[in-house]
Amino acid sequence: MRLDADTMKPIYLQIAEWLETQILSGKIACDEKVFSQYQLAEMFNINPATAAKGLSILADKGILYKKRGLGMFASPDAKAQILDQRKGEKLKHLVLELVLEAGRLGIAEAELTEMMRQANEELKGEVQS
Amino acid sequence: MKAIECIGLNKVYGENVAVDSLSLVVEHNKMTGIIGPNGAGKTTLLKLIAGFLKATAGEMRVFGEAPFNNLRVSANAIFIDDRMVFPSSLCLDDICRMAARVYANWDHKLARGLLDYFALNPKLCHAHLSRGQKSTVNAILGLAAHCPLTIFDEPTLGMDVGVRRDFYRALLKDYMQHPRSILFSSHMLLEVEDILEDIVLLKDGYKVLHLPLPQLTEYAVGLAGNSDALCALTENREVLHTRQISSCFSYVVIKNDLKRGDLQQAQLSGVDITAVPAADLCVYLTEQRKGGIDDVFSQTKSVANR
């Protein structure tokens, strides 16, 4: 397996994201054991300490939990957590883009919020009709 | 446990200060990269650690003992580079047998397996091998010796890209099966960074930094955009590298201490923020030359135009 050398993301983050995607796609079920740092090191050709850092990020977020002497396991709500977090990131990014573009077009904040309110209403109207 | 500890280490050759008041602690069982440009003092430092050289001043301990003239350190360390010399009467098989007598943890199966994999006939004489093949044999000796302190000084010189790739993987697998302290010097950080845990960056004989690799990848950020906007952003900050891309567009690398507000300011003024690959960062941190290679050409060009 190869990591994407072109992306600027640190490898341990790529490992964490790869594990998240495995959980999202159901390849790793909740309460199932995930790969060990040595398995990840072997799979991606990276130092086991780097792989461990990827795992510990997910443990800190509560997506994985540790069983003493047995390894890391996917939390019961891992999938929901990852979904939430990815939604949050995506939306935040879109909003930022929106605000930036509005700035470039010289649209004031009040006008922008009004536009969002209108768009929301139009959508509601479409649903009702 | 500390594998290596040096305090205020100095090594002077005549006028040349090769290692300059260097202090360093390497914990046992880590894979550490010793990185730096030509003449940074990588080889001298590694030879001091191996006990091949005597320090001019300062303290050096390997597994708690001074390595120079020390049998215990010699028995527990192996130093691999491309200048290893073996008696011409010995074939590769003989060399392996000798190594088995010297190194307590020698893994004969691994040595023979790797020689076989790299199509190196054990009946061949070391002196008759090509440069890349010699490096490969030396690297195999370094792996199979399973020494508690294994030092590779530019082990991949002359190896072709396929052999290098296989060697890095062999090193990683063997390290995981037999954890030990490994020092690895290279000027090709890009190739080896993934398998390293820590990096020691040297310049002019002193230590620029000693960091875990993930921290090194987040040490700096690159900003690309309008020169004026960049000036405003980089004011009062440590600039590690600057490159003028066009008359009003530049690329600047600064230490990664941007706050949230700075990031927004950057985005608002149309400045792109990018991560700086570890290999590039090491080049920027050890740059000797003022400006860039482009400046040489722009100068010669202006002379020619006259």
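Proteins get letters first, then strands, A, B, ... in listed order; numbering begins at 1 in each.
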May I ask you to check whether over 12 heavy atoms, not counting those of [X], lie within 6.0 Å of atom [atom1]?
X: A/Y65; atom1: OH; answer: yes
X: B/M188; atom1: CE; answer: yes
X: A/K66; atom1: NZ; answer: no
X: A/Q118; atom1: CD; answer: yes

| Are B/D194 and A/I11 side-chain neighbours, meaning at least one heavy-atom pair lies under 4.5 Å? | yes
| Just wondering, do B/P214 and A/L13 contact through their side chains at under 4.5 Å, heavy atoms? |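 Side-chain contact under 4.5 Å: no.
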| request: Test A/Y12 against B/L213 for side-chain contact (heavy atoms from CB on, under 4.5 Å), laying out the working first. | output: CA-CA 10 Å; A/Y12 65 93; B/L213 218 103; over 6 Å; no
Just verifying a value: how many Å separate [X] [atom1] and [Y] [atom2], rounded to the nearest 0.5 Å?
X: B/E193; Y: A/N47; atom1: CD; atom2: CG; value: 11.5 Å
X: A/I46; Y: B/L196; atom1: CD1; atom2: CG; value: 12.0 Å
X: A/E42; Y: B/M176; atom1: CD; atom2: CE; value: 5.0 Å

| said: Closer than 4.0 angstrom, basic N to acidic O: yes or no for B/E197 and A/K53? | reply: no
| task | Report the option among B/T217, B/L190, B/L172 that has the most heavy-atom pairs separated by less than 4.5 Å from atoms of chain A. | result |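 Ranked by heavy-atom pairs under 4.5 Å with chain A, first place is B/L172.
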